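Contents: one structure, followed by commentary.
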Amino acid sequence: MEFPLDYATLRVIWWGLMGVLLIGFALTDGWDMGVAALLPFVARTDVERRMVINSIGPTWEGNQVWFILGGGAIFAAWPFVYAVSFSGFYLAMFLVLAALILRPVGFKYRSKRPGAAWRARWDWALFIGGFVPALVFGVAVGNVLRGVPFRLDGDLRAFYDGTLLGLFTPFTLVCGLLSVAMLVLHGTAFLSVKLEHGAVHDRARRFGTVAALASILLFALGGAFVAYGDMGFRLTGVVDPAGFSNPLRSGTVAAAGAWLDNYSTYPWMKIAPALGFGGAVLALLGILWRKEVPAFLGSSLSTLGIISTVGLSMFPFILPSSVDASSSLTVWNASSSHRTLFIMLVVTVIFLPIVLAYTAWVYRVLWGRVTSQDVAANPHFY
């Protein structure tokens, strides 16, 4: 059967779509995590904390759709990547899921009792549900950049040689802290447009200033690690972008600083790190000048740029191996079949615009600032 798009093109399209879904998750559920991580620090009274919670309360569940879509896309379009990453990072994934479980429980149970101690415990549960996933996701990305310690045998069975503690190195911790700073900045920018002006708004601005500076410094430090550390992989030999999916069919070599190769080959890719730095600077200026829309736009652009920098730097690699470079998973050797990618693309073209339109409609309906009067008067608020 002939398809309108060739196999290599479909592979690149799905690599891009996977990035779009992950960025969508970071942009929407990212401010939820950032706000939750800020909750115990920017709000001091019960009314203030309820204001912060209700800024994300109506939409946090819908925002998690992007997380589910991203996981589903990896499972369907890149089955080798799904199998190796979810089994190798099993304990880290369990840690993330355990933290995320605290979030719906915290939302639902916090206001069931009026006691200050009861509510404070759930506030910290919400903090964990925001901070821990942000940190672990960043650490996971750092490990992908370093190379994951897995290998494939002749039957394509994956063997993972790492440990949970082995995931935490100086570089991966920098990536984890960058993820936290990036999402806290995004969360403060969201609060600036969602909450009434007052004490919480001012405290959020102060944390946002620190988060913006930390994002800039940590992004630069991470780039220095990549440029001057022994990080990066290159494909060697003849690579057939339309060849059958077998992770062992193309050679790979580890090379110091190879993640910077694409910026020489494709200069337009430098837009991504420029957005990462420029967006954070714009967010910082917006916070300092009390310009809320530029601050939120800047935090969004910074998030887009930082995540895109990782994907563009690694292309065509998706999951490189640090113990057996020839087992590395790439866009060209780890995808589903031509038919599967095409059918999935048709489904995505139909349903993704519906998801986007519905999401836009929800935010339009729920637009407006949360005030202390709203929290006190509305019985449906958390």
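What you are looking at is a predicted structure, and each value in this text was computed from that prediction instead of being measured. Numbering starts at 1 and runs along the sequence shown.
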Per the side chain to side chain donor-acceptor pair (under 3.5 Å) rule, what does the pair list look like for [range], sequence neighbours excluded?
| range | result |
| --- | --- |
| residues 293-310 | His186-Ser299 |
| residues 126-150 | Asn143-Arg146 |
| residues 30-45 | Asp32-Asn63 |
| residues 66-81 | none |

(request) If a pair satisfies ring-ring contact (aromatic ring centres under 6.0 Å, His included) and one of its residues is in residues 158-177, list it, with sequence neighbours excluded. (result) Phe171-Phe225
How long is the span from the [atom1] atom in [X] to the [atom2] atom in [Y], to the nearest 0.5 Å?
| X | Y | atom1 | atom2 | answer |
| --- | --- | --- | --- | --- |
| Leu356 | Trp361 | CG | CH2 | 15.5 Å |
| Ser328 | Leu152 | OG | CG | 9.0 Å |
| Ile343 | Leu10 | CD1 | CG | 11.0 Å |
| Ile307 | Leu275 | CD1 | CG | 12.0 Å |
| Ile306 | Leu178 | CD1 | CG | 4.5 Å |
| Arg151 | Ser327 | CZ | OG | 8.5 Å |

Taking side chain as C-beta onward, heavy atoms only, is [X] less than 4.5 Å from [Y]?
| X | Y | answer |
| --- | --- | --- |
| Pro316 | Trp15 | no |
| Phe80 | Leu156 | yes |
| Leu341 | Tyr7 | yes |
| Ile53 | Phe381 | no |
| Ile56 | Met33 | no |
| Phe67 | Asp29 | no |
| Phe127 | Asp123 | no |
| Pro4 | Phe342 | yes |

Can you list the residues that meet the side-chain contact (heavy atoms from CB on, under 4.5 Å) rule with [X], with sequence neighbours excluded?
| X | result |
| --- | --- |
| Phe244 | Asn246, Arg249 |
| Ile13 | Leu5, Thr9, Leu17, Leu345 |
| Thr371 | Glu196, Gln373, Asp374 |

Taking [Y]'s backbone N and O only, do any of them form a donor-acceptor pair with [X]'s side chain (distance below 3.5 Å, no angle check)?
| X | Y | value |
| --- | --- | --- |
| Thr188 | Arg205 | no |
| Thr252 | Ala325 | yes |
| Ser245 | Ser335 | yes |
| Thr265 | Asn262 | no |
| Asp155 | Arg157 | no |
| Ser336 | Ala76 | yes |
| Thr172 | Gly142 | no |
| Arg50 | Val375 | yes |
| Trp259 | Val226 | no |

(request) Using ring pair (Phe, Tyr, Trp, His ring centres under 6.0 Å) as the criterion, point out the one residue from Phe190, Tyr382, Phe107 that pairs with Trp60. (result) Phe107
Please check if [X] and [Y] belong to a single hydrophobic cluster, counting links between Ile, Leu, Val, Met, Phe, Trp and Tyr side chain heavy atoms closer than 4.5 Å.
| X | Y | answer |
| --- | --- | --- |
| Phe351 | Trp14 | yes |
| Val253 | Val331 | no |
| Val12 | Val20 | no |
| Val184 | Phe41 | yes |
| Val180 | Val35 | yes |

(message) Please enumerate all residues that pass salt bridge (charged side-chain N to carboxylate O under 4.0 Å, His left out) together with Asp261, with sequence neighbours excluded.
(response) Arg234
(message) According to salt bridge (charged side-chain N to carboxylate O under 4.0 Å, His left out), who are the partners of Arg364, at least two apart in sequence or on a separate chain?
(response) none
(request) Ignoring hydrogens and angles, state whether a donor on the side chain of Ser313 or Tyr263 is under 3.5 Å from an acceptor on the partner side chain. (result) yes
(message) Under a plain distance cut-off of 3.5 Å, with no hydrogens placed, do Thr330 and Arg11 share a side-chain donor-acceptor pair?
(response) no
So for atom [atom1], which belongs to [X], do other residues, nucleotides or ligands contribute more than 12 heavy atoms lying within a distance under 6.0 Å?
| X | atom1 | result |
| --- | --- | --- |
| Tyr90 | OH | no |
| Phe86 | CZ | yes |
| Tyr358 | OH | no |

Acceptor/donor pairs from residues 280-295 side chains to any protein atom, 3.5 angstrom cut, sequence neighbours excluded:
| unit_1 | atom_1 | unit_2 | atom_2 | d |
| --- | --- | --- | --- | --- |
| Glu292 | OE1 | Arg369 | NH2 | 2.5 |
| Glu292 | OE2 | His197 | NE2 | 3.1 |
| Glu292 | OE2 | His201 | NE2 | 3.2 |

(request) For Tyr266 and Leu312, run side chain to side chain contact (heavy atoms under 4.5 Å, CB included): C-alpha distance rounded to whole Å, both residues' side-chain angles, the deciding distance at 0.1 Å, then the answer. (result) CA-CA 10 Å; Tyr266 310 102; Leu312 293 173; over 6 Å; no
(request) Specify whether Trp118 and Trp122 have parallel, tilted or perpendicular ring planes, treating 30° as the upper limit for parallel and 60° as the lower limit for perpendicular. (result) perpendicular
(message) Parallel, tilted or perpendicular: which one describes the rings of Trp332 and Phe315, with boundaries at 30° and 60°?
(response) perpendicular
(request) Tell me, with the steps shown, if Met314 and Val144 meet side chain to side chain contact (heavy atoms under 4.5 Å, CB included). (result) CA-CA 9 Å; Met314 292 180 58; Val144 171; 3.3 Å; yes
(message) With side chain to side chain contact (heavy atoms under 4.5 Å, CB included) as the criterion, how do Phe25 and Leu21 come out once you've worked through the C-alpha distance, each side chain's angles and the decisive distance to 0.1 Å?
(response) CA-CA 6 Å; Phe25 169 65; Leu21 294 174; over 6 Å; no
(request) Supply the members, apart from Tyr228, of the Ile/Leu/Val/Met/Phe/Trp/Tyr cluster built from side-chain contacts under 4.5 Å; use none for a lone residue. (result) none
(request) Apply side chain to side chain contact (heavy atoms under 4.5 Å, CB included) to the pair Val148 and Phe89, showing each step before the final yes or no. (result) CA-CA 9 Å; Val148 180; Phe89 291 150; 3.8 Å; yes
